[in-house]
Amino acid sequence: MPNLSSTVHHIPPSTGLSPEVRCAHDYERLAERCLAAPTHAYIAGGSGHDTTVAANRAAFAAWDICPRVLADVRHGHTRLALPGAADLAHPVMLAPVAYQTLAHPQGEMASAQAAEATHSGMLVSTLASHQLEDIARLAGPVRWFQLYLQPTREATLALLRRAEAAGYTAIVLTLDASIQVPSLRALETGFRLPAHAVAVNVDPQAMPVSEPLREGHSRIFQGVMQQAPRWDDLDWLLAQTRLPVWVKGVLHPNDARALQARGVAGVVVSNHGGRGLDGAPASLRMLSAVRETVGPAWPLLFDGGIRSGADVFKALALGADAVLVGRLQMYALSVAGALGVAHMLQLLRDELEICMAQAGCATLADIQGDCVLPLTTVFQARITSDADHH
């Protein structure tokens, strides 16, 4: 992460719902009016040339939803259960987005209110701009804490104990963020993290003791990666808590298999929203392979590019049990605060139910792989060509 010290002027968001919002995706377009250009570039961007950010979105266009007729869906619902979430009303959860005061002065507090109002699960970031205890008091019963391992195990354990005491029902360990290269788009706009966006739950004094690099050593291998999580760190964490521990940032099926064998409750198939390795495959592209490897019953969440209920449906059909919404959460937050996030969640749920009804799926269990069809190679090539020209 670059030095993010100078301030960016915050443009106050609207306090009501815009009549221009006709679908969940509309919040992405409207957010450009409510965010300062450098802040918008940072939220929308990923790493490097944003190749993986674009791939996440494009992956959904490679699949069609096949409608069915004469299905009786009058008993339909979207309920499900996950480790740490015994009774979810629907499969759309708020992703653990850092520094939410970038989008709205109330930040995570507003998102928590929206989650509670819409019976949605919320994942709270280690890098939240409000105290994790305060967020927990506003969020609904399904509140998970996303954990970054701290420079020392003592600091990590202190953060874990706070989350447990605050009533979080699961821990989500993120493992794919050891190296983050900023988006060139964000750098070009001169983005710097403003003073009001502070990771208040992290102890700035808990810094690792780093040995100076020797001659011939790499800034990456012997530098940055010295503090990267390893398997023994995961084993240690699993031994410290009785809460379900999920792992976020898994793309390779072999990693998922190894985590499953280690006793992890489930994984989030994710490329960190394109903020990790630029050029990594789209999360959706890897989802089916991970599902096939871990079997039908082990819990999988999906993160990466959700903008509509149709996207949610496709992710579920390809193997996910539920999905996380990150950038769209920030866009809705910037446009209308807690009301915007709640409205966005309700729209996604409505759009998902429309897809389910027309595809003959009364419950989430009915959404299977044969509900979606891959586009033909010729048609995919045409879409790619059209995108290149626009």
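None of these values were measured; they are calculated from a predicted model.
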Looking at [X] and [Y], would you say the former's side chain and the latter's main chain have a donor-acceptor pair under 3.5 Å?
{"X": "K314", "Y": "F60", "value": "yes"}
{"X": "N56", "Y": "G273", "value": "no"}
{"X": "S270", "Y": "S283", "value": "no"}
{"X": "D64", "Y": "L373", "value": "no"}
{"X": "T52", "Y": "A280", "value": "yes"}
{"X": "S125", "Y": "V97", "value": "no"}
{"X": "Q260", "Y": "W298", "value": "no"}
{"X": "S120", "Y": "E116", "value": "no"}
{"X": "H49", "Y": "T51", "value": "no"}
{"X": "Q100", "Y": "S129", "value": "no"}

Quiz item: Would you call D235 and R262 a salt bridge, using N to O less than 4.0 angstrom?
Solution: yes
Self-check item: Ionic contact status for D232 with R153, cut-off 4.0 Å
Solution: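 So R153 pairs with D232 through a salt bridge.
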Quiz item: Is the number of heavy atoms from other residues, nucleotides or ligands within 6.0 Å of CD (E133) greater than 12?
Solution: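 For E133, atom CD is crowded (more than 12 foreign heavy atoms under 6.0 Å).
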Among all residues two or more places apart in sequence or in another chain, which pass the side chain to side chain donor-acceptor pair (under 3.5 Å) test with [X]?
{"X": "S288", "value": "none"}
{"X": "R291", "value": "D321"}
{"X": "R161", "value": "E164"}
{"X": "T174", "value": "Q146"}

Kindly list each side-chain donor-acceptor pair under 3.5 angstrom involving residues 138-145, sequence neighbours excluded, with atom names and distances?
from: R143; atom 1: NE; to: G167; atom 2: O; distance (Å): 3.3
from: R143; atom 1: NH1; to: G140; atom 2: O; distance (Å): 3.0
from: W144; atom 1: NE1; to: G84; atom 2: O; distance (Å): 2.9
from: W144; atom 1: NE1; to: T169; atom 2: OG1; distance (Å): 3.4

Practice problem: Run the numbers on L102 and L35 for side chain to side chain contact (heavy atoms under 4.5 Å, CB included), then give the verdict. | Solution: CA-CA 8 Å; L102 283 173; L35 293 166; over 6 Å; no
Quiz item: By the rule that ILVMFWY residues connect when side-chain heavy atoms come within less than 4.5 angstrom, directly or transitively, which residues belong alongside V200?
Solution: V198
Quiz item: When Ile, Leu, Val, Met, Phe, Trp and Tyr are grouped by side-chain heavy atoms lying under 4.5 Å apart, directly or through other members, which residues fall in the same group as V53?
Solution: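 Via sub-4.5 Å side-chain contacts, V53 links to none.
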Quiz item: In chain order, what residues pass the ring-ring contact (aromatic ring centres under 6.0 Å, His included) check against H130, with sequence neighbours excluded?
Solution: none
Closest non-hydrogen atom pair between [X] and [Y], with its separation:
{"X": "V294", "Y": "R257", "result": "CG1-N, 4.3 Å"}
{"X": "V323", "Y": "A315", "result": "CG1-CB, 3.8 Å"}
{"X": "I171", "Y": "L147", "result": "CG2-CB, 4.0 Å"}
{"X": "I306", "Y": "V325", "result": "CG2-CG2, 4.1 Å"}
{"X": "A359", "Y": "R68", "result": "O-CG, 3.3 Å"}
{"X": "E351", "Y": "G309", "result": "OE1-N, 2.8 Å"}

Quiz prompt | side chain to side chain contact (heavy atoms under 4.5 Å, CB included), paired with V268, selected from L123, D176, L324 | solution =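 Among L123, D176, L324, the one that satisfies the side chain to side chain contact (heavy atoms under 4.5 Å, CB included) with V268 is L324.
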Exercise. Using the side chain to side chain contact (heavy atoms under 4.5 Å, CB included) rule, pick out the option among L259, L300, L82, V267 that qualifies with W246.
Key: L82
Practice problem: Could you tell me how the ring of Y148 sits relative to the ring of H272: parallel (under 30°), tilted (30 to 60°) or perpendicular (over 60°)? | Solution: tilted
Exercise. Check the angle between the aromatic planes of F191 and Y42 and answer parallel, tilted or perpendicular using the 30° and 60° thresholds.
Key: parallel
If the condition is salt bridge (charged side-chain N to carboxylate O under 4.0 Å, His left out), which residues does [X] pass it with, not counting sequence neighbours?
{"X": "E28", "result": "R307"}
{"X": "R29", "result": "E20, D26"}
{"X": "E353", "result": "R349"}
{"X": "D350", "result": "none"}

Quiz item: Is there a path from L348 to I354 through hydrophobic residues (I, L, V, M, F, W, Y) whose side chains come within less than 4.5 Å of each other?
Solution: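 No, L348 and I354 fall in different hydrophobic clusters.
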Quiz item: With the 4.5 Å side-chain cut-off for hydrophobic clustering, are L160 and W236 part of the same group?
Solution: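 Shared cluster, yes.
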